[in-house]
*Asks:* 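Here it is: the structure, laid out below.
Keep in mind that the numbers below use all heavy atoms, side chains included, and drop hydrogens, waters and symmetry copies.
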Amino acid sequence: MESNIAELCGVVLSEMEFSHKTYGEVFYTFILGVQRRSGYMDEINVMVSERLIYGNPPRMDQFLEIRGQIRTYNEMAGGKNKLNIVVFAREICPCEDYEYFENRICLEGFLCKPPVRRTSPLGREICDMMVAVNRMYNKSDYIPCIAWGRNAGYGSQLSVGTKLMLEGRLQSREYKKKLEDGSVETRKAFEVSVLKLEEI
């Protein structure tokens, strides 16, 4: 089994933007909207090589199927380190079934920080976990995950270094951050919402 699988089906919400160039290959990013059953739309950053979209770039409001991996990288923003989370597309194609949404993540990795157990404002038990997923060339992606209910109780008892298999969805959420000057800034966080969790 691959240790990092992301399968998405959703609607393009933004124009493509240049991201970077590596070894002569150009990469772009765009936002894909994936609707939950509740109606809330997760806005997921997708990174794609120009090779995959040559002659047929993603268009606004187009439905796409994407298969790839979650990738994370640090970026300096305002003098601080920021963890960026994207889905790195390996396959991308138009989705024939409009209004069909999918958001499936499968990860196999290691718990790399002590889990943090807390209670939501609505009284639900939550556990925040950071999972390191290895990839080629001795690199790792550090992926924030959030477990609920029974999975939260189970995850909170795991120790750093535990090898895990989990399934869930990649979600986005907005939050308010109070800055040093007293102003409030709206920011966006990304994490994997865990549906299934087991030690391996």
Side-chain angles (χ1 to χ4, degrees), residues 4-16 29-48 58-72 82-89 91-109 115-131 133 141-156 158 164-178 184-198:
N4 186 336
I5 298 170
E7 294 175 341
L8 304 175
C9 190
V11 62
V12 177
L13 297 180
S14 74
E15 302 288 348
M16 284 199 314
T29 57
F30 65 93
I31 297 172
L32 189 77
V34 184
Q35 193 168 292
R36 301 184 198 172
R37 287 196 189 110
S38 66
Y40 181 85
M41 183 81 80
D42 287 305
E43 298 182 0
I44 296 169
N45 296 314
V46 176
M47 183 177 289
V48 61
R59 304 183 313 275
M60 284 285 287
D61 300 323
Q62 181 183 21
F63 271 73
L64 294 177
E65 285 186 66
I66 294 168
R67 183 181 168 91
Q69 297 181 323
I70 294 182
R71 295 278 174 89
T72 63
K82 180 190 173 195
L83 183 70
N84 275 333
I85 299 172
V86 301
V87 169
F88 182 82
E91 301 169 29
I92 185 168
C93 63
C95 179
E96 302 301 325
D97 184 6
Y98 292 99
E99 305 301 321
Y100 170 70
F101 294 96
E102 182 177 28
N103 185 341
R104 178 174 172 265
I105 306 295
C106 296
L107 301 175
E108 195 175 289
V116 177
R117 190 174 182 175
R118 56 193 173 91
T119 305
S120 77
L122 297 175
R124 288 188 74 188
E125 193 174 359
I126 302 173
C127 180
D128 295 306
M129 299 180 289
M130 185 68 80
V131 178
V133 179
D141 294 294
Y142 296 92
I143 302 171
C145 301
I146 184 167
W148 309 81
R150 193 170 60 182
N151 282 330
Y154 176 65
S156 68
L158 299 174
L164 301 172
M165 190 281 290
L166 61 88
E167 292 181 22
R169 70 167 188 268
L170 181 58
Q171 64 182 23
S172 65
R173 60 179 172 85
E174 288 189 343
Y175 67 97
K176 307 284 187 188
K177 174 78 174 177
K178 193 168 184 179
V184 176
E185 187 176 85
T186 300
R187 296 184 178 178
K188 192 168 284 184
F190 300 90
E191 62 214 351
V192 173
S193 180
V194 178
L195 303 175
K196 183 181 175 184
L197 174 66
E198 59 185 69

*Asks:* Do the side chains of Ile66 and Leu32 get nearer than 4.5 Å, heavy atoms only?
*Replies:* yes
*Asks:* If we only count heavy atoms from C-beta on, is the Pro144 to Val131 side-chain gap below 4.5 Å?
*Replies:* no
*Asks:* Supply the atom-to-atom distance Met130 CE to Leu83 CG, rounded to the nearest 0.5 angstrom.
*Replies:* 6.0 Å
*Asks:* Is it true that, when you exclude Tyr142 itself, more than 12 heavy atoms of the residues, nucleotides or ligands shown sit nearer than 6.0 Å to its OH?
*Replies:*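 At most 12 heavy atoms, drawn from other residues, nucleotides or ligands, come within 6.0 Å of this atom.
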*Asks:* So, Gln171 and Arg173: side-chain donor and acceptor under 3.5 Å apart, yes or no?
*Replies:* no
*Asks:* Of all the heavy-atom pairs spanning Ala152 and Ile126, show the shortest one and how long it is.
*Replies:*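 Looking at all heavy atoms of both residues, the shortest contact is CB-C, 3.7 Å.
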*Asks:* Between Val86 and Phe190, is there a side-chain heavy-atom distance shorter than 4.5 Å?
*Replies:* no
*Asks:* So how far is it from Leu164 CG to Leu107 CG, rounded to the nearest 0.5 Å?
*Replies:*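 Going from the CG atom of Leu164 to the CG atom of Leu107 covers 10.0 Å.
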*Asks:* State plainly whether the residues Arg117 and Glu125 are in salt-bridge range, i.e. N to O under 4.0 Å.
*Replies:*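 Yes, charged N to carboxylate O under 4.0 Å.
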*Asks:* What verdict does the side-chain contact (heavy atoms from CB on, under 4.5 Å) test give for Ile143 and Val192, after you've listed the backbone C-alpha separation in whole Å, the side-chain angles of each residue and the deciding distance to 0.1 Å?
*Replies:* CA-CA 8 Å; Ile143 302 171; Val192 173; 3.8 Å; yes
*Asks:* Does the pair Phe30 and Leu64 meet the rule for a side-chain contact (heavy atoms from CB on, under 4.5 Å), with working shown?
*Replies:* CA-CA 12 Å; Phe30 65 93; Leu64 294 177; 4.0 Å; yes
*Asks:* Can you measure from OG1 (Thr72) to CG (Asp141) and round to the nearest 0.5 angstrom?
*Replies:* 4.0 Å
*Asks:* Can you list the residues that meet the salt bridge (charged side-chain N to carboxylate O under 4.0 Å, His left out) rule with Lys196, with sequence neighbours excluded?
*Replies:*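 Counting only residues at least two positions away or on another chain, Lys196 forms no salt bridge (charged side-chain N to carboxylate O under 4.0 Å, His left out).
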*Asks:* Output a table of donor-acceptor pairs, distance under 3.5 Å, between side-chain atoms of residues 6-14 and any protein atom two or more places apart or on a different chain; print 'none' if there are none.
*Replies:*
unit_1	atom_1	unit_2	atom_2	d
Glu7	OE1	Arg104	NH1	2.8
Glu7	OE2	Arg67	NH1	2.4
Ser14	OG	Ile31	N	2.9

*Asks:* Report yes or no: do Trp148 and Ser120 form a side-chain donor-acceptor pair below 3.5 Å?
*Replies:*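 Side chains of Trp148 and Ser120: no pair found under 3.5 Å.
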*Asks:* Tell me, please, which residues at least two apart from Asp42 pass side chain to side chain donor-acceptor pair (under 3.5 Å).
*Replies:*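 Result, side chain to side chain donor-acceptor pair (under 3.5 Å) vs Asp42: Arg36.
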*Asks:* Just how far is it from atom CE of Met165 to atom SG of Cys106, taken to the nearest 0.5 Å?
*Replies:*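 These two atoms lie 7.5 Å from each other.
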*Asks:* So Arg187 and Glu174, do their side chains get closer than 4.5 Å, heavy atoms only?
*Replies:*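 Side chain of Glu174 against side chain of Arg187, heavy atoms only: no contact under 4.5 Å found.
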*Asks:* CD1 of Ile105 to CD1 of Ile44: how many Å apart, nearest 0.5 Å?
*Replies:* 7.0 Å
